[in-house]
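Bear in mind that the values here come from a model prediction, so they are computed numbers and not experimental data.
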Amino acid sequence: MKIGEVHDANRKIVGRTILHFDAVESTNETAKELLESDVEEGLVVWADRQAAGRGRHGRAWASPLGGLYASFILRPKEAHAWLLGLLIGMPVVKALRHFGVFAGLKYPNDAVYQDRKIAGILSEGVYRHDVYHVVVGIGLYTNVDLDKLPADVQPKATTLKREVNLFVANEEFLDYLLNQVDDLYSRYRNTRIEFLLKDYRGQCTTIGKRVSAMIGKDRVIGKAYDIATNGALVIADDQGKKHPFFEGTLEILK
Ligand code: BTN
């Protein structure tokens, strides 16, 4: 059920209108349903909990009360969809740091603190009425007790509440986060994406680490070396051969 609607005319595109729901199946799905009508770019769907939150690779995203679950609608060039999904990790990490969790950006766009995931992003491209849209969904474990997450997730996750002895209301977190996303999207529209990718490369804490990745059926072990202009993570194996990696299982080795 919709429980509120907030307008902020100071934002350029993202977050000028926020639709607040108490519970939905998935904010990404609600945003996609809204695309059937003529909605503005930057519209945000925010829910207090999700009954069927979705993560990347078809995984579930546990969405108990206390977490922050929001999706927004963008209309980038289709060729930029993947790169934009990477870039959105930067404002998420910036917001976490602002509120006291010195998170890092694990390729492609997970926010991680001390090897535990605190936020994830699911970016989905969709055509509606011949127009290409990207629905970007962000899930953040803000005011969640770790024991409210599934048992298999708990050892690999953390929450703002666990790391910082300060209560931050989701409304306040979302407000700051949307300001950062709006700024990033405006830079995306006004600068060359390669410049933003350089920022991303500098912020991605996976670079320089030894990693293990599944690329197709092959396991590649080596050093995460670079971000290619198409947004792939380049892994240099022990023989020096370079392998581009986009999606799949990526493990950071000690
Ligand atoms: C990941 O696997 O890391 C991505 C998780 C993305 C979760 C968010 S919560 C808001 C939005 N709605 C969803 O169903 N998923 C995304």
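Between the side chains of T229 and E194, no donor-acceptor pair of N or O atoms lies under 3.5 Å. Using modelled atom types, one finds no donor on one side chain facing an acceptor on the other under 3.5 Å when comparing E78 with H80. For the residue pair D38 and H129, no side-chain donor N or O sits within less than 3.5 Å of a side-chain acceptor on the partner. Side-chain contact check for Q180 and Y185: no donor-acceptor pair (N or O, by modelled atom type) lies under 3.5 Å.
Not a single donor-acceptor pair under 3.5 Å links the side chain of D145 to the backbone N or O of D147. Side-chain atoms of D226 do not come within 3.5 Å of backbone N or O of V234 as any donor-acceptor pair. Side-chain atoms of S212 never come within 3.5 Å of backbone atoms of I221 as a donor-acceptor pair (strictly under, hydrogens ignored). Panel note: side chain D8, backbone N10; a donor-acceptor pair is recorded below 3.5 Å. Remark: side-chain polar atoms of E41 are paired, donor with acceptor, to backbone N or O of R75 under 3.5 angstrom.
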Derivation of the side chain to side chain contact (heavy atoms under 4.5 Å, CB included) call for L197 and F195: CA-CA 5 Å; L197 202 56; F195 296 166; over 6 Å; no
Intermediate values then yes/no, salt bridge (charged side-chain N to carboxylate O under 4.0 Å, His left out), D183 and K94: CA-CA 12 Å; D183 282 353; K94 190 164 181 194; over 6 Å; no
Residue pair R210, E251: steps toward the salt bridge (charged side-chain N to carboxylate O under 4.0 Å, His left out) verdict: CA-CA 9 Å; R210 196 162 166 78; E251 205 188 326; over 6 Å; no
Derivation and outcome, ring pair (Phe, Tyr, Trp, His ring centres under 6.0 Å), residues F173 and F99: CA-CA 8 Å; F173 197 108; F99 290 109; 4.9 Å; yes
Trace of the side chain to side chain donor-acceptor pair (under 3.5 Å) decision for T158 with R162: CA-CA 7 Å; T158 193; R162 181 173 181 264; 3.0 Å; yes
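Cluster membership for L140 and V14, using ILVMFWY side-chain heavy atoms within less than 4.5 angstrom, is shared. Neither V44 nor L34 shares a network with the other; the hydrophobic side chains, linked directly or stepwise wherever heavy atoms of I, L, V, M, F, W or Y lie under 4.5 Å apart, form separate groups for each. Note on L19 and V39: same hydrophobic cluster, where clusters join Ile, Leu, Val, Met, Phe, Trp and Tyr whose side-chain heavy atoms are under 4.5 Å apart, directly or indirectly.
Summarising the local packing, CD of E171 is surrounded by 12 or fewer heavy atoms from other residues, nucleotides or ligands at distances under 6.0 Å. With a 6.0 Å radius and a threshold of 12 heavy atoms from other residues, nucleotides or ligands, K32 has its NZ atom above the threshold. More than 12 heavy atoms of other residues, nucleotides or ligands lie within 6.0 Å of CZ in R116, so this atom counts as buried by the packing criterion. Remark: K12 NZ is packed, more than 12 non-hydrogen atoms of other residues, nucleotides or ligands lying under 6.0 Å away. More than 12 heavy atoms of other residues, nucleotides or ligands lie within 6.0 Å of NZ in K106, so this atom counts as buried by the packing criterion. In N190, the CG atom is crowded: over 12 heavy atoms of neighbouring residues, nucleotides or ligands sit closer than 6.0 Å.
Note on D175 versus R11: salt bridge recorded, some NZ/NE/NH1/NH2 to OD/OE distance being below 4.0 Å. The pair E124-R54 meets the salt-bridge criterion, with a side-chain N (NZ, NE, NH1 or NH2) lying under 4.0 Å from an Asp/Glu carboxylate O. We find that R187 and D199 are joined by a salt bridge, their nearest charged nitrogen and carboxylate oxygen being less than 4.0 Å apart. Look at D182 and R16 and you find no salt bridge, because none of the NZ, NE, NH1 or NH2 atoms lies under 4.0 Å from a carboxylate O. In summary, R56 and D110 engage in a salt bridge, as defined by a charged side-chain N under 4.0 Å from a carboxylate O.
With contacts defined as side-chain heavy-atom distances shorter than 4.5 Å, the pair F21/D48 does not qualify. Side-chain contact between I207 and L233 is present, with at least one heavy-atom pair separated by less than 4.5 Å. Put simply, the side chain of I118 reaches to within 4.5 Å of the side chain of L96, judged on heavy atoms. Contact check for H133 versus Y127: no side-chain heavy atoms found under the 4.5 Å cut-off. I13 is listed as a side-chain neighbour of R189, based on a closest heavy-atom distance under 4.5 Å.
Separation of atoms NZ (K117) and OG1 (T159) is listed at 15.0 Å; rounding is to 0.5 Å. A distance of 5.0 Å separates CG in N28 from CG in L122, rounded to the nearest 0.5 Å. For the atom pair OG1 (T27) and CG (L68), the distance works out to 9.5 Å, reported to the nearest 0.5 Å. Distance check, rounded to the nearest 0.5 Å: CD1 of I215 to CZ of F245 gives 6.5 Å. Atom CD of Q154 is separated from atom NZ of K148 by 10.0 Å, given to the nearest 0.5 angstrom. Atoms CG and CD1, from L84 and I193 in turn, are 6.5 Å apart once rounded to the nearest 0.5 Å.
K242 approaches Y225 most closely through the heavy-atom pair CE-CE2, 3.3 Å. Closest of all the heavy-atom pairs between Y107 and I227 is CD1-CD1, 3.9 Å. Nearest heavy atoms, Y132 versus P76: CD2-O, 3.9 Å. Taking each heavy atom of W61 and Q50 in turn, the nearest pair found is CD1-NE2, 4.2 Å. Shortest non-hydrogen contact noted between V181 and F72 is CG1-CZ, 3.6 Å. Between L177 and P91, the shortest heavy-atom distance links the atoms CD1-O, 3.7 Å.
Note: H98 and Y176 have parallel aromatic rings, judged against thresholds of 30 and 60 degrees for the angle between ring planes.
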